[in-house]
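Numbers for residues simply follow the sequence, beginning at 1.
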Amino acid sequence: MATLKPILLVEDNPKDLELTLEAFAEAQLANDIVVARDGAEALSYLFREDGEAVSKPTDPKYPAVIILDIKLPKVDGIEVLQRIKANENTRAIPVVMLTSSKEEQDLVRSYRLGVNAFVVKPVGFKEFFDAIRDIGSFWAILNEPPPGCHPRRPRGT
């Protein structure tokens with residue numbers, strides 16, 4: 001069986017990070033979760049210092065999906081998204097903005113840069129938990145990636 005690709009979770013809020021990891025666990029995702037606590041960590045996971053992508057679609061480090069907050073320390077999520085979508089080797093990675101921002105300019109700019117989904121973090125615990133679980137299940141299990149990019153877990157396993 002092919003190795004599942006990891007989920008790259010970029011989140012600086014410890015409480016949201018903990019809830020997200022719990023929701024992924026409840027969804028019984030078999031994917032490893034790689035956590036970056038700021039935009040610079042996310043970029044160093046994806047790119048070398050010379051700007052070349054660290055991983056190619058055939059690399060086990062290549063994420064199945066990136067869950068990305070907008071308001072991050074060091075490098076904000078919009079800049080991280082821009083770098084991901086500008087690089088030929090990382091462009092096909094699905095990116096989901098998961099943010100507390102309801103600013104229309106963040107939504108519009110994210111979609112212009114190629115984000116695959118934009119989700120405003122629900123305020124309530126249960127709603128937040130359910131949204132994260134659904135995001136993880138959709139992108140890691142149900143979404144059909146481009147051919148050759150990601151080994152998939154067979155449905156029902």
Taking atom types as modelled, is there a side-chain donor on Lys85 or Asn116 under 3.5 Å from an acceptor on the other? yes
Nearest heavy-atom neighbours spanning Asp12 and Lys71: OD1-O, 3.4 Å
Would you mind reporting whether [Y] and [X] have side-chain heavy atoms less than 4.5 Å apart?
| X | Y | result |
| --- | --- | --- |
| Phe47 | Thr90 | yes |
| Leu8 | Tyr62 | no |
| Gln82 | Arg109 | yes |
| Ser110 | Ile70 | yes |
| Val34 | Leu9 | no |
| Asp69 | Lys121 | yes |

CA sep, side-chain torsions, deciding dist, call: Arg83, Leu43, side-chain contact (heavy atoms from CB on, under 4.5 Å): CA-CA 8 Å; Arg83 291 273 315 274; Leu43 291 173; 3.8 Å; yes
Can you tell me which residue among Thr20, Asp16, Leu19 is in a side-chain contact (heavy atoms from CB on, under 4.5 Å) with Ile132? Thr20
Scan Val80, Ile7, Leu46 and name whichever one has a side-chain contact (heavy atoms from CB on, under 4.5 Å) with Ile66. Leu46
Lys61 to Tyr45, cation-pi by 6.0 Å centre distance and 45° axis angle: yes
Under 3.5 Å, is there a donor-acceptor pair between the side chain of Asp76 and the main chain of Glu79? yes
Restricting to side chain to side chain donor-acceptor pair (under 3.5 Å), what partner residues turn up for Lys15, sequence neighbours left out? none
Within the supplied structure, the quantity of interest is the number of heavy atoms (other residues, nucleotides, ligands) at a distance under 6.0 Å from Arg91 CZ; does it exceed 12? yes
Side chains of residues 92-104: which donor-acceptor partners sit under 3.5 Å, not counting sequence neighbours?
| residue | atom | partner | partner atom | Å |
| --- | --- | --- | --- | --- |
| Thr99 | OG1 | Ser101 | N | 3.0 |
| Ser101 | OG | Glu103 | N | 3.2 |
| Ser101 | OG | Asp106 | OD2 | 2.5 |
| Glu103 | OE1 | Gln105 | NE2 | 3.2 |

Please check if Leu68 and Tyr111 belong to a single hydrophobic cluster, counting links between Ile, Leu, Val, Met, Phe, Trp and Tyr side chain heavy atoms closer than 4.5 Å. yes
Same cluster or not: are Val119 and Leu21 linked, directly or through other Ile, Leu, Val, Met, Phe, Trp or Tyr residues, by side-chain heavy atoms under 4.5 angstrom apart? yes
Per the salt bridge (charged side-chain N to carboxylate O under 4.0 Å, His left out) rule, what does the pair list look like for residues 19-31, sequence neighbours excluded? Glu26-Arg133
